[in-house]
Every structure is written in C-alpha cells, then in structure tokens.
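Input: a single structure, listed below in structure tokens.
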Amino acid sequence: MDKVYEPQKYEDEIYKKWEESGFFNPDVCVEKGICKKDAKTFSIVLPPPNITDKLHLGHVVMVAITDILARFYRMKGRRVLWIPGTDHAALASQNVVEKKLLKEKNQTRHDLGRKKFLVEVWQFVNKTQATIIHQLKKTGASLDWSREAFTLDERRQEAVKGMFADMYNEGVIYRGYRIVNWCPRCHTTLSDDEVEHEEKDAKLYTFSYAKDFPFAISTTRPETKLGDTAIAVNPKDERYKKYVGKSYQVDFCGVPLTIKVITDNGVDIDFGTGALGVTPAHSMVDYEMAQKNGIEIKKIINEEGKLVGVGKFSGLSVTEAREAVLIDLDKRELLEKEEDIKNNLAVCSRCDTPIEPLPSKQWFVAVDKKLKRLGGKSLKDKAIEAAVSGKIKFVPERFTKRYLDWMKNLHDWCISRQIWFGHQIPVWYKGEDVFVGIEAPRGEGWEQDSDVLDTWFSSGMWTFSTLGYPDLKAGDLKSYHPTQLLETGYEIITLWVSRMVMMSLFALQEIPFKNVYLHGMVLDKNGKKMSKSKGNGIDPLEMIAKYGTDATRMSLIVGNTPGNDTRMSEEKIADFRNFANKLWNIARFVDSQKSVKSLKSVKPKTLSDKWVLARLNEIIKEVTENIEKFNFSLAGEQLRDFTWNELADWYLEISKIEKDKGEILNYILETILKLWHPFMPFVTETIWANMEHDMLMVSKWPTVIARSPQTTKQSSSLTAVSSFAIIQNIITSIRSLRADYKIDPAKKLGVAISAGKMVGLLMENVDVVKGLARLEDCSIERLAAKPVDSVGFVVDGVEVFVDLSGVVDLKKEKFRLQTEIAEVKKYADSLEKKLANKDFVSRAPASVVEAEKKKLVEARLKLEKLGEQLKSLK
RNA sequence: GGUCGCAUGGCUCAGCUGGUUAGAGCGUCGCAUUCACAUUGCGAAGGUCCCUGGUUCGAAUCCAGGUGCGACCACCA
C-alpha cells in the first residue's frame, strides 16, 4: 500500500469491478445468494437529469444521499433497485439546439423543417446523454444500468401513449379553448410552473377610453385595452354604482369597443381609479371574470406577439402598439396620469421573454374531475389525501404544507406544447373525426396532432414507466412499486413531485413513493447561488479528479441537513480528502500489526480493548439508526469522530504499547470499513481488496456485538467506556493544575489504572501515548491527598491515586436526581390537571380538594429542593 | 400581500422529545517531527447560544412579541 491514498489510481477500476459483478442489479444479487428471493425490497428511481445538463453539485448531493441508502440497504440484505435514466427535457433541449443552429448555421428550426430539425436534436441528445451517464458513473452511484431508461425511448413512448389514451378515455384529458401562457419566442404554451415572475419597473397609465366615456381606468399595458370588453369595479365602490350593468359603445383610439360595466370582489378600490379594464383574452384573471359574467372574449394578440383585428394597430408588435396607443391617447388628451410602479412581469423560465396570455385550443389534464377508478374522487383530491394521510411523508415535514398549498390551488394542467422535440400527442384527425390511441388509425387521410407533450407528463410517469408499465403484470412493477423514496431538490415539489403523485394515482391507483427527501441548494462559500454567468460554480468532476469521489461526496453530506441550503467550498472537499487518507493509513497500520483474517468475535483483554469495543458497538448502533432516520450528516460526523479521535488518536497509540492487538484491530477495521462504505465507497472497497476480501459492497452490515458474559457479570460501577473517559478527564485536570507544580519535562510519565478490581496495568513508563507525551507539569500532591484505589498514576516512580468511585457516584447521583425530578413533576402535573377539572372540584368533598391542593404545594416544594440539589452537584 | 425557514466562538454548521462544564470542522496562535499518516501529531486562545418578556425547580432548546436576513408562492390591473 502506498503511503498516501490516491483516489485517481483506484476509482475507475473499482467502479468497473462493481459493474461487472452485476450486484447493482437485484436479480443478480438474488441469483448469487447475496439477498433472499423474497427479501424486502428497497427501490428508488433516480430523478433523471436533463440531457442538456452537465453534472452539477446538486446532482452529486442527490446521488450521494441516495447511494448511501442504496448501499446501506443492500448490505442489510434488502433487494435494492435503483434505476438510472435521463430526461429528454423537451423544450429545454429544443432551445439549446435552436440556439446552436442559429449560431453555427444562422438557421431557424423552420428553415430545416420538422424532420431534419429532429435529426439535429437527436444527434445532440445522443452525445450529451452519453456524457451525463459517464459523469453519473464517476460519482460511484450503485445504479442498475441494465434497467437504464430515457424519458423518450421506445418503451417510455409506448407507456406515455398508453397513459394518454387511458386518460383521454376516462375524460381526464380533454381539448379546450382556454387562456394559456404563451411564449412568443419559444412559440409554445407553458405551464404555470414554467412561468417565472420578475419584479420590474413599470409605468402605470391612467386614461379614459374616449372623451364621452364617464370614467378612467389604470393599466400598465395600454395596448391590451384594445381587447377590452368590460370594466370591472368593486361592488362596494359607491363611485361607480350608477354605471354597473350598463353597456357603452366607445371609440378607443379609432377602434370601436363595446364595454359593459360589471362588478367583481377582486377589484381593489384603492388601486388606480378603482376601475379595471377587462381584457378577457389576454389575462387569466380577466378571463375568469368574463366567464362569470358572460362577457365576450376578443383575441387581439396572436401567437407571434402581434396585434390583430384592431384597425390601424393591426400588425404591430406588442411594444410598438403600446407606443402607438399612448401617442394616440396623448393626442386625444385622454391620458390623465403616468406613474412609476413596481410590477411583476411574467417571463418564460427558459428564455426570459415576457409571456403573453392568450386564448388557444390546447390539451389539458382535468385535475378536478371525479373519477370512478379513484372512488369518485378527483386526482387533486387523491393527491391531497396521500399527503394528509401520511402515506407520503416529506423530509423535512414542513414541505408537506408547501405541497398541499400548491395542490389545493391547482388548475387544469395544459400539457400540449407547440414544439417539435418530445412525445408527439397520440391523437389523429381527419376532418371532424378524432382518434386517440397508441398506433395511427387505419385508413387514409389521418393526420397526427403536431404538438408534443409537456416534458413533465413523461417524467411524471417515471416511477412506473421504468418498471414495465403499461404492462400492469410486469414483475418489476409488482415488486418495486411504490418506490421507497424520492430524493430531490425542494424547488421541484410543484413541478415534478406533484405530477408524479397524480400520474401514479391515475395509472395504478397507488402512490409513487413513500418518502420524499428534499435536499437544499448547493451554494458557494459566500452563500450565493452558483451560476455560470457569475463563474462561482464548482465543477464536481474537477473536484472528483482532484480530490476523489469519496471526498467530494462526503463534503456534500456532512453539514447538510434536509431542506436547508448548504455552502460548498474547495477547502471542505480537501478536508475529506485528508480524512480518506487517514482511513487509508489506519488500514496500513493495522496491516503492519500482522492482522489475522476475518474474525467473528474478539475478546477484549485490557481496559482499552473493552473501551474501544464498547465504543464501536455504540457507533454501529448510532450510525445504523441515523441512516434509517435520514440523518446522514450526523451519521457521518459520528463515524468520523470515532475513526479519527478515538480509534486513530487513542486506541492505535495504545496498541503500540500494549501490543498484540492484531486481532482486535483487524476486527475494528473491518467493521468501520463496512460502516464507511455507503459514505465513501471507493476508498473502503480499495482497502477491503487489499485485505484480500471478496467485495465490501455486498458484505453484511455490522450488527452490535453481544456483550460477553464476563463483562456483564462484573457488577463494578465502572464500565469500560466511562472509566476510559474518566482517565481522559484526569489527564486534562492534571494539565490544568500544572501552573502550581513543576515537574521536570525530561522525566517520563506513565499511568497505571486499577478501576475497582477489574483492570490491571494500562501503560507503564511510556512517553508516546496521546496526552501524556509531553506532560510538563503535574499536581502530584493534590491528587495524592485523596488516596483511593481506583486510578493510580505512576509519575517517575511515584504512585498517584484518584478517587474514581467518587466521580462515578456523582454521576449516579445526578442521574438519580433527574429521574426523581421527572417523577415528581409527572405527579405534580397530574395533580394540577385534576384540580383544573371542574367536575372534580365541584363534586368532591372540600376536604379532599384541600388535601390535593396541599399535596400539590408539597410536590412543588420538593421539586424546588431537588432542583437545587441537582444544581449544587454541578 | 400570503406562507415558510434561519439567527450558536473569526468562518461553516451540529445540538432529537427542556437537565453533564454548549459541541465539531476549518481558521488563528504555540509546540513537536526519522514512529501508519505533514493530506500528520499534541496543546491553547476564542461563545451574554439576536433582543425582550413568559412558562418551569431548571431554557440555546418550549411560548409570545420584536429586530435582522433568506426562500417560496400570489391574478393588484
């Protein structure tokens, strides 16, 4: 073994070894007897990275957390399935290719035509997909590559078509003419979640439609007012009461409008003039008002973002029209006011172009429709129920609320997109006839809908489209669905998590996953979002190349708690690189101690043995529990603390003196390698291989060693753990007294221990043990003034004794007091409750009530006393 | 506007259901060095646990209010 661990030398080889073993695939594990055929399953789908992405730190967090669980449960004998895949990211991918095309060949997708353009996209896809998969493998993810999926591969296409047809037949999918979010640049609809709001400076204009119109309105978008068909006022607004219900014919800058005055509670009396021009075709809110009041919908902006059907303004772009309208209004002296305000502008999340809401014929998923297969409930109802009932648990829990809030406000989901890359909608038209199905209908003249599906439609099916759906009898689907866990970022709850729940409920009447673990965002060391433009991003692959995968993963696990953002810096990664090296060197040392091969059990001989094995036991228990509870950071810290500060710093040092600890050292090393493996798979597997063992990845997870009968028989008040801890304390206290007494620093110092009757000599006349090595000063007399045969120090031939039983008694006493306090408190609380009960007080005889009151006062007094006693012990 | 989160040594954070002397890593300072490891070891300094009030024998922890950050959602045109 080299002096220093160089991850680059081993990682690729190790990953290859894992892959070739086939153990990432649970079927192989069953076949080879790694786990039982009927073992409990543990299944997870990898949130498929967009193929447009390069691997970023967020992905590594996701992989690291999931891989910990996958490896942990695999070692615990579960049938673990973790499915990899990638997402075609319809619109995002298309945009990237379009940009490239424009830059390289100065062409648009329309220049190429649909077919040729898609060839371009697929070329791009194949390349980037290979890249991201290669990168995923570099993270050490124990993914079952034999089941790799792509949201747009053949099997997923089949699944999506089947799902669409199924939903159409149930009436959940319908086609409707509705207001949608339209991106004039991408030339497609967007779902509500694909629209972002940016606060912008805007101007609020106040004007009247015409001279003869009785009052003015305020707007930031005068050009849309050409499409107004009503004015809404608050029903409580006295100023406008007399106009409500009336219709007016007006000439608005040369365009004739019919305006009806209606009321709506949503109108803010104090905003602007308190009168809102209603443009039903180009505002979601206005559309709803128009629906309620039976007002005409007049579309004046087309898909190109140009005005239509508005006389002289026709053909102008939105911004041009705004100018033109304002000039005209000014000319007519109708403009009353122009104010600066802050306004939330809706923009496309993909290209930042302002969104134009406009009416369009699109496909929708009805979220409120009651369905037979869901017991007369709607998708929305069931999706809410799943979280409320606790069937789906969020970690951290507070995100349940976010999920529910969003779900409750959910509108029908527009799923058609006017782009070319994606799942083409499986609907065919011929004249008035419509056919929905998986294959094109027979006969001539049918034409498929040219739109494609929102990318979240196919990724919403991810938990089951990867398991054999639409074949409901598929083995994988039966064994592994619902999945155990979804690990993802909290920013994606609405976009993805909610869709998965609804899709799964519809397709299988079953939730897609039992737990949702949400990690936070990875920020730079100043707490800023990492972004390409700022150049503050950390490239995980660079870090992996420089410090190793294990270190990179650990740095993202430790100090990272669910739902909270985490800061990242290169120094942190370097710290864990150092730790990996420490582990490596522990192994080298153990190796040098002529270790024996694998031992089932080990017998402690000295106090230090008992101590270290007892601590190891505790660590096994804590780490196991913490992984099960998703406390990865804590588990990692506990392990690191034990490995470095207890094992390496103390026990290894002691073993240099006490000697002959090869067996125990070997046993401890094997155990911690197993415990470390889910966190740092590469270095642990490498060390394991050096120890001439088979494969750590599929070894058995350690269990707590049963206490040997000898130890339990000892009724001594000192356990190995506490006595060792006390010794450490004593060493510290000796140091704290050194100012009072001087000892020749050249003289050697040793420690002998006889705690109770159970321990013999620990060390003698040595100067290398941690903490004792350079003890310059020591208070001999002060410690010797209390001669008790618990702990004895030998300092340069002089024996020193310390009263250990006293220390222990103090601890015991504290514990006893705390228990008593708890009991008394419980008693006092019950009395209080009784006395607060009106029934009791009125019915029971006065004497009894008095007696109870007295008891309560006494209990309170006692509590006070006990509390003081506890304090005095400190 | 609504909702949620955060505030602990110079920095980044732990601290579960209230009870050892409030912890860790990094950083700082001092010391060591042919020893498994300089990607090292030993040690030191450094904290009114944001403020105020309340509950309690006891509060970093629970409650209320305040202050300061941050995030998300939202149809104020």
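None of the values given here were measured: they were computed from a predicted structure. Letters A, B, ... mirror the listed sequences (proteins, then strands); counts begin at 1.
Contact annotation for A/Ala822: no contact, since no heavy-atom pair falls under 4.0 Å across all strands. Contacts of A/Lys825 with the nucleic acid, taken as non-hydrogen atoms under 4.0 Å apart, include base atoms. Nucleic acid contact for A/Ser283: none, since no nucleic acid atom lies under 4.0 Å from a heavy atom of the residue. Using a 4.0 Å heavy-atom criterion, one finds that A/Lys572 contacts no nucleic acid atom at all.
Across B/C11 and B/G27, the matching P atoms stand 15 Å from one another, rounded to whole Å. Separation of the P atoms belonging to B/U20 and B/A64 is 25 Å when rounded to the nearest angstrom. Nucleotides B/C13 and B/U21, compared at atom P, are 28 Å apart to the nearest Å. B/C6 and B/U17 have their P atoms separated by 12 Å, given to the nearest Å. Across the C1' atoms, B/G43 and B/G5 are found 40 Å apart, a figure rounded to whole Å.
Contact record, A/Arg398 with A/Gly563: NH2-O, 3.7 Å, taken as the closest heavy-atom pair.
Straight-line distance from the OH atom of A/Tyr403 to the P atom of B/C4: 19 Å, rounded to whole Å. Here the C1' atom of nucleotide B/A36 and the CH2 atom of A/Trp644 are 13 Å apart, to the nearest Å. We find that CD of A/Glu571 is positioned 10 Å from C1' of B/C11, with the value rounded to whole Å. With rounding to whole Å, A/Lys629 atom NZ is found 11 Å from B/U17 atom P. Atom CG in A/Leu518 sits roughly 14 Å away from atom C1' in B/C4 (whole-Å rounding). Between the CG atom of A/Asp829 and the C1' atom of B/U56 there is a distance of 10 Å, rounded to whole Å.
Using a distance-only test at 3.5 Å, with no hydrogens or angles considered, a donor-acceptor pair links the side chain of A/Asn234 to the main chain of A/Lys236.
Within the 4.0 Å cut-off from OP1 or OP2 of B/C4, not a single side-chain nitrogen or oxygen of A/Arg398 is found. A/Asn578 has a side-chain polar atom (N or O) that falls below the 4.0 Å cut-off from OP1 or OP2 of B/U40. Contact between the side-chain N/O atoms of A/Lys401 and the OP1/OP2 oxygens of B/C72 is not found at any separation under 4.0 Å. Between B/U39 and A/Trp584, no contact under 4.0 Å exists linking OP1 or OP2 to a side-chain N or O. The phosphate of B/C37 (OP1 or OP2) has a side-chain N or O of A/Lys3 nearer than 4.0 angstrom. One finds a side-chain N or O of A/Arg567 lying less than 4.0 angstrom from the OP1 or OP2 phosphate oxygen of B/C13. For the pair A/Arg860 and B/C57, the criterion of a side-chain N or O lying under 4.0 Å from OP1 or OP2 is met. Here A/Thr561 reaches the OP1 or OP2 of B/A14: one of its side-chain N or O atoms lies under 4.0 Å away.
Using modelled atom types, one finds no donor on one side chain facing an acceptor on the other under 3.5 Å when comparing A/Lys582 with A/Thr643. Between the side chains of A/Gln638 and A/Asn626, at least one donor-acceptor pair of N or O atoms lies under 3.5 Å. Side-chain contact, A/Glu11 with A/Thr549: a donor N or O sits under 3.5 Å from an acceptor N or O. Checking A/Thr279 against A/Asp228 by side-chain atom types alone, a donor-acceptor pair falls below 3.5 Å. Looking at A/Thr400 and A/Glu397, their side chains never bring a donor and an acceptor atom within 3.5 Å of each other. At a cut-off of 3.5 Å, with distance as the only test, a side-chain donor of A/Ser218 or A/Thr206 sits close to an acceptor on the other residue.
Only one option out of A/Ile259, A/Val278, A/Ile262 pairs with A/Ile295 in a side-chain contact (heavy atoms from CB on, under 4.5 Å); it is A/Ile262.
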With the criterion being N/O to N/O and under 3.5 Å, what pairs connect the protein with nucleotides 75-77 of chain B, and how long is each?
residue	atom	partner	partner atom	Å
B/C76	O2	A/Asp268	OD2	2.9
B/A77	OP1	A/Asn343	OD1	2.4
B/A77	O5'	A/Asn343	OD1	3.2
B/A77	N6	A/Asp268	O	2.9
B/A77	N6	A/Phe271	O	3.1
B/A77	N1	A/Asp268	N	3.3

Query raised in the report: How far apart are the C-alpha atoms of A/Arg567 and A/Asp524, what are their side-chain angles, what is the distance that settles it, and do they pass the salt bridge (charged side-chain N to carboxylate O under 4.0 Å, His left out) test?
Result: CA-CA 5 Å; A/Arg567 295 189 192 196; A/Asp524 74 0; over 6 Å; no
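Secondary structure note: stems in RNA chain B built from 3 or more consecutive Watson-Crick or G-U wobble pairs under 3.5 Å occupy B:1-7 with B:67-73, B:10-13 with B:23-26, B:28-32 with B:40-44, B:50-54 with B:62-66.
Considering only the side chain of A/Asp575, B/G25 comes nearest among B/G25, B/C72, B/C57.
Aromatic ring centres of A/Tyr5 and A/Tyr10: separated by under 6.0 Å.
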